[in-house]
Amino acid sequence: MTDTHTPNDPTTTPAPGLVERLDQGPVICAEGFLFELERRGYLTAGEFVPEVALEFPDALRALHRDFQRAGSDIVEAFTYNGHREKMRVIGKEELLEPLNRAALQIARSVADELPGNLVAGNISNSNLWDPSDPDAQREVRSMFEEMVGWAVEEGADLIVGETFYYAGEAQAALEIAKASGLPVVLTVAPMAGEQMRDDVGIVEVCQRLEQGGADVVGMNCFRGPATMLPWLRQIREAVSCHVAALPVPYRTTDAEPTFFNLTDDNGVMVPSPHGRTFPTALDPLSCNRYEVGAFAAEAFALGINYLGVCCGASPMLVRQVAEAVGLTTEASRFSENMQNHFMYGDNVRLPEHIKALGGTA
């Protein structure tokens, strides 16, 4: 690791914006709040609604800080699934604006603790978009408009639009986000059909988004390193703007390119009651930290500077991404050091007969 992950001093020079930061080198963005907060006991699997911003703000603040310490330059407001339709599904539409504003304020407060960090407002797939239904499209646009409006009012530095599997919805999100005047990151999440659900090619939609004014285009979620990287190579070659790469840390394959239908063939004794490993029985299919680091290093070598991890992320994996591209984070103080490990270490105090147990342990 050669570079030090420290922000600019705001008393001497203004902090550079997103594109300026990307022009200079890698920018890390942690996503994956849904899975991590569910693992920590603050969110319901299945519903996956970010009420934590209102009910347990300290838990959300703590996760932001953990990701920040691990190297995330962007504090992304946790408003994924925090849109009007999702709140209607759970019967809590009246909490929509308070939830969004609380999430944005928490993100702002954490970012301000580390000058140079950027706050992202967040909009995402609505699960309501229908290419053949103009009324549904108008409703989705309205949801995006109010969420982007709150993000601007709460002082966001950029807008992230993410996890779109319809090209039309991604383009609508871009139009609304771009109207804010803030930099826009727009990432798509194609499913197993190897194209968007409205039959637009994956590379083509990224080209359209660049032409529409997105500052960063790329992919997030649904796909693990093995099935995202081949598409990222093509996207990087096809666009001139910056590219984003935020996989899920699961071992997707050509036969099972997304985490929705990953099978566990390792003699699982207790299958998930809903018949799939997604989303609550994916544990044995997780990538290890070295796989995630190798993905980040390879993506960076392709010229991809906007890097992170999506659903399944942990601070440890975010740190691995940062370190893989040459950054030293606050959490790097606790990075792997096997020198004193009883099996692997070379400390003179480690007895040889104990170290030798590793071969038969």
Side-chain angles (χ1 to χ4, degrees), residues 30-64 66-67 76-93 95-96 98-100 102-103 106-107 122-129 143 147 160 162-165 187 189 191-192 220-224 228 246-252 256-266 268-288 292 308-318:
E31 293 185 345
F33 290 83
L34 286 177
F35 277 29
E36 182 66 8
L37 284 164
E38 192 274 335
R39 284 191 296 230
R40 296 185 182 197
Y42 294 103
L43 190 146
T44 302
E47 290 183 354
F48 286 124
V49 179
E51 292 181 87
V52 63
L54 292 173
E55 295 185 342
F56 302 100
D58 288 343
L60 177 55
R61 190 173 288 108
L63 180 55
H64 276 309
D66 286 349
F67 280 145
E76 188 171 308
F78 184 34
T79 56
Y80 184 90
N81 274 352
H83 55 70
R84 189 168 295 276
E85 177 61 19
K86 193 70 173 181
M87 299 305 287
R88 286 172 179 160
V89 168
I90 65 169
K92 296 182 179 180
E93 189 176 357
L95 297 180
L96 174 69
L99 185 155
N100 273 261
I106 290 168
N122 177 270
I123 55 176
S124 58
N125 57 304
S126 65
N127 300 323
L128 189 64
W129 185 269
M143 293 191 306
M147 293 178 74
V160 169
E162 50 140 322
T163 322
F164 295 108
Y165 40 88
T187 52
M191 293 184 176
N220 80 300
C221 212
F222 292 10
R223 292 169 180 258
M228 182 178 285
L246 300 97
V248 294
Y250 298 102
R251 291 173 176 162
T252 54
E256 297 176 336
T258 74
F259 66 173
F260 292 120
N261 288 293
L262 281 179
T263 52
D264 181 2
D265 295 325
N266 293 317
V268 61
M269 300 299 294
V270 184
S272 61
H274 39 79
R276 299 188 191 184
T277 58
F278 175 86
T280 49
L282 285 164
D283 310 69
L285 301 164
S286 297
C287 296
N288 64 41
V292 171
V309 188
C310 204
C311 292
S314 68
M316 176 271 291
L317 293 177
V318 172

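The basis for the numbers below is simple: all heavy atoms, side chains too, and nothing from hydrogens, waters or symmetry mates.
Pairs engaging residues 270-285 under the salt bridge (charged side-chain N to carboxylate O under 4.0 Å, His left out) rule: none recorded [sequence neighbours left out].
Residues satisfying the side-chain contact (heavy atoms from CB on, under 4.5 Å) criterion with Ala30, sequence neighbours excluded, are Phe67, Ser72, Val318. Scanning for side chain to side chain donor-acceptor pair (under 3.5 Å) contacts around Thr252 gives Thr227, with sequence neighbours left out. Contacts of Glu93 classified as side chain to side chain donor-acceptor pair (under 3.5 Å), with partners at least two apart in sequence or in another chain: Arg84, Arg88. Judged as a side-chain contact (heavy atoms from CB on, under 4.5 Å), and not counting sequence neighbours, the contacts of Ser272 are His274, Ala281. For Ala62, there are no side-chain contact (heavy atoms from CB on, under 4.5 Å) partners two or more places apart in sequence or in a different chain. A search for ring-ring contact (aromatic ring centres under 6.0 Å, His included) contacts involving His83 returns nothing, not counting sequence neighbours. Partners of Tyr165 by side chain to side chain donor-acceptor pair (under 3.5 Å), not counting sequence neighbours, listed by chain and number: Asn127. With sequence neighbours excluded, no residue forms a salt bridge (Lys or Arg N to Asp or Glu O under 4.0 Å) with Glu256. Under the rule for a side-chain contact (heavy atoms from CB on, under 4.5 Å), the partners of Thr163 that lie at least two apart in sequence or sit in another chain are Tyr80, Asn125, Ala189, Asn220, Cys221, Phe222. Taking the salt bridge (Lys or Arg N to Asp or Glu O under 4.0 Å) definition, one finds that Arg39 meets it with Glu36, sequence neighbours left out. The side chain to side chain donor-acceptor pair (under 3.5 Å) test applied to Asp265 returns no partner, not counting sequence neighbours.
Residue Leu37 holds its CG atom at 5.0 Å from CG of Leu63, rounded to the nearest 0.5 Å. Here the straight-line distance linking atom CG of Leu60 with atom CZ of Arg40 works out to 10.0 Å at 0.5 Å rounding. Note that the OH atom of Tyr250 and the OG1 atom of Thr258 stand 13.0 Å from one another [nearest 0.5 Å]. Put simply, CG on Asn288 and CE on Met316 are 8.5 Å apart, with the number rounded to the nearest 0.5 Å.
Scanning all heavy atoms of the two residues, the minimum distance from Asn100 to Gly82 falls at ND2-O, 2.9 Å. Scanning all heavy atoms of the two residues, the minimum distance from Phe259 to Cys311 falls at CE1-CB, 4.1 Å. For Met147 against Asn122, the heavy-atom pair with the smallest separation is CE-O, 3.5 Å. Contact between Val248 and Cys310 at its shortest, heavy atoms only, is CG1-CB, 4.4 Å. The shortest heavy-atom contact between Ala102 and Ala53 is CB-O, 3.8 Å. Closest non-hydrogen pair, Leu34 versus Phe78, comes out as CD2-CZ, 3.6 Å.
Side chains of Asn81 and Glu51 form no contact here, defined as non-hydrogen atoms less than 4.5 Å apart. Taking 4.5 Å as the limit, some side-chain heavy atom of Met87 sits within range of a side-chain heavy atom of Val49. Counting only heavy atoms from C-beta outward, the side chains of Pro247 and Arg223 never approach each other to under 4.5 Å. Here the side chains of Val89 and Glu85 are in contact, with some heavy-atom distance below 4.5 Å.
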message: Glu31 vs Val160, test: side-chain contact (heavy atoms from CB on, under 4.5 Å). Steps then yes/no.
response: CA-CA 11 Å; Glu31 293 185 345; Val160 169; 3.9 Å; yes

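Judged by distance alone, with hydrogens and angles left aside, the side-chain atoms of Ser126 form a donor-acceptor pair with the main-chain N or O of Trp129 at under 3.5 Å. Under a 3.5 Å cut-off, the side chain of Asp264 and the backbone N or O of Leu285 do not form any donor-acceptor pair.
For the pairing with Tyr42, the ring-ring contact (aromatic ring centres under 6.0 Å, His included) check across Phe48, Phe33, Phe56, Phe35 returns one residue only, Phe56.
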